[in-house]
2 protein chains.
Amino acid sequence: MKKEKVHDRILRVASELFYKQGFNSTGINQIIAEADIAIGSLYNHFSSKNDLLHAYLIKEENNWLEGLEKSLVNIAEPSKKLSSIVDYRKKLQQSSKFAGCHFIKIVSEMGEGNPVVSAFVKSHKEKQREIIYTIVKEGVASNPSMNIDLITDQIFLLIEGAVVTSTISKNNDSFDHVKKIVQGLLS
Amino acid sequence: MKKEKVHDRILRVASELFYKQGFNSTGINQIIAEADIAIGSLYNHFSSKNDLLHAYLIKEENNWLEGLEKSLVNIAEPSKKLSSIVDYRKKLQQSSKFAGCHFIKIVSEMGEGNPVVSAFVKSHKEKQREIIYTIVKEGVASNPSMNIDLITDQIFLLIEGAVVTSTISKNNDSFDHVKKIVQGLLS
DNA sequence: GTCTATACGGGGATAGAC
DNA sequence: GTCTATCCCCGTATAGAC
């Protein structure tokens, strides 16, 4: 395993701080202190704090998608795939100590103050919905009476609701409830 | 109608800014400029920015509860009450131009950085769930086979999901879907 | 109670030596 | 490419005149 490049170390440290403390509460000085570099080096690798933010979002989305794909591979049954998605989000919450969804967090913090970020997050959530849609479609193929869009929305909204709720309540109960409900939907 | 007191004007201006721009992105200087007062006056009425934040949270929760009660009064049928709750949140999103839930926003911004705020929001969300629970219990009284807790969670999570989703997508479609789903639940 | 002036630290960012 | 030194502005908060 190669030694971590400076660029990557900066991004990793900044990402952790942005996620845990919030973007606005994280100063350049804290980033360079924890990454143990000089401020000149930071600005050699990233042109601004905003640049760092964009790199953060892209990296987090890639991680997110990779992790989701890994947890879906080798699962054939649609209903099990859906359970697996819920479990994935649950696991993310658990391992981050209920720090919440990176993307909901950043939009909450910036509102319409940063349209690039808003657009990025919107597109990210559309990808999530699309993934669920594909699985639902597969799962109800034999039953043409079911409303694929409505079921998709229901699952998507339940998961989003569970993420914010678990972030606030600091426990994972919501995810277990969502799993139960989702299993009921496809039968 | 009495003229607005200075104290109230400060709180109103600060609330709008905290909500629209975020707490950390709103400076004392901006608040005093838009409220058209001197900084000394602000610190005469509020001991710190944090004090202003607490006043903001309490005021917003009171407004929220009042508004909800108003939209439930004179409605007898439980299923209509639930629809009315969804409509209320939808209306709030519409009139704020999809600025989102005050409480989810502030927790997203502060994470565990401010335990008092975290606890306040947790308690706020529990109140919401309690309100839904009471209505659901009423609605399924005739059918003892139904799982009141699970139905309550489902409705609660769907609404929370709809709020964050509408904040990101800048439209109210999710609420309409949630209404449909909720109506299906109690039949 | 409201004002102005000011303190003090930290914000993000740049210049230029090495 | 990494460093140190520095710039300028804005952050929250206080002191004290009126």
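Just so it is clear, the model here is predicted, and its values are computed rather than measured. Proteins get letters first, then strands, A, B, ... in listed order; numbering begins at 1 in each.
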Between [X] and [Y], is there a side-chain N and carboxylate O pair less than 4.0 Å apart?
X      : Y      : answer
A:E16  : A:R12  : yes
A:E112 : B:K97  : no
B:K105 : B:E109 : no

Look at the side chain of [X] and decide which nucleotide, out of [options], has an atom nearest to it.
X     : options               : result
B:K49 : C:dA13, D:dT12, D:dC3 : D:dT12
B:N44 : D:dT12, D:dG1, C:dT2  : C:dT2
A:H45 : D:dC3, D:dT2, C:dG12  : D:dT2
A:V6  : D:dT2, C:dG10, C:dC3  : D:dT2
B:A38 : C:dG1, D:dT2, C:dT4   : C:dT4

Describe the nucleic acid contact of A:T26 in one word from base, sugar-phosphate, nothing, applying a heavy-atom distance below 4.0 Å.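 Sugar-phosphate, no base atom in range.
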When we call it a touch if two heavy atoms are under 4.0 Å apart, what does B:G40 touch: a base, just sugar-phosphate, or nothing? base
Whole Å only: how far is the [atom1] atom of [X] from the [atom2] atom of [N]?
X     : N      : atom1 : atom2 : answer
A:N29 : D:dT4  : CG    : P     : 13 Å
A:Y43 : C:dA13 : OH    : C1'   : 5 Å
A:I10 : D:dC3  : CD1   : C1'   : 13 Å
B:D36 : C:dC3  : CG    : C1'   : 13 Å
B:I28 : C:dG9  : CD1   : C1'   : 15 Å
A:N50 : C:dG11 : CG    : C1'   : 15 Å
A:D51 : C:dT14 : CG    : P     : 12 Å
A:F46 : D:dG1  : CZ    : P     : 13 Å

Between B:N24 and A:I39, name the one whose nearest nucleotide on DNA chain D is closer to the 5' end.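 So the residue in question is A:I39.
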Kindly state whether the ring of B:H54 and the ring of B:F120 have centres lying under 6.0 angstrom apart. no
Taking only side-chain N and O atoms of A:S41, does any of them lie within less than 4.0 angstrom of OP1 or OP2 on D:dG1? no
Ring-plane angle category for B:H102 and B:Y19, please: parallel below 30°, perpendicular beyond 60°, tilted otherwise. parallel
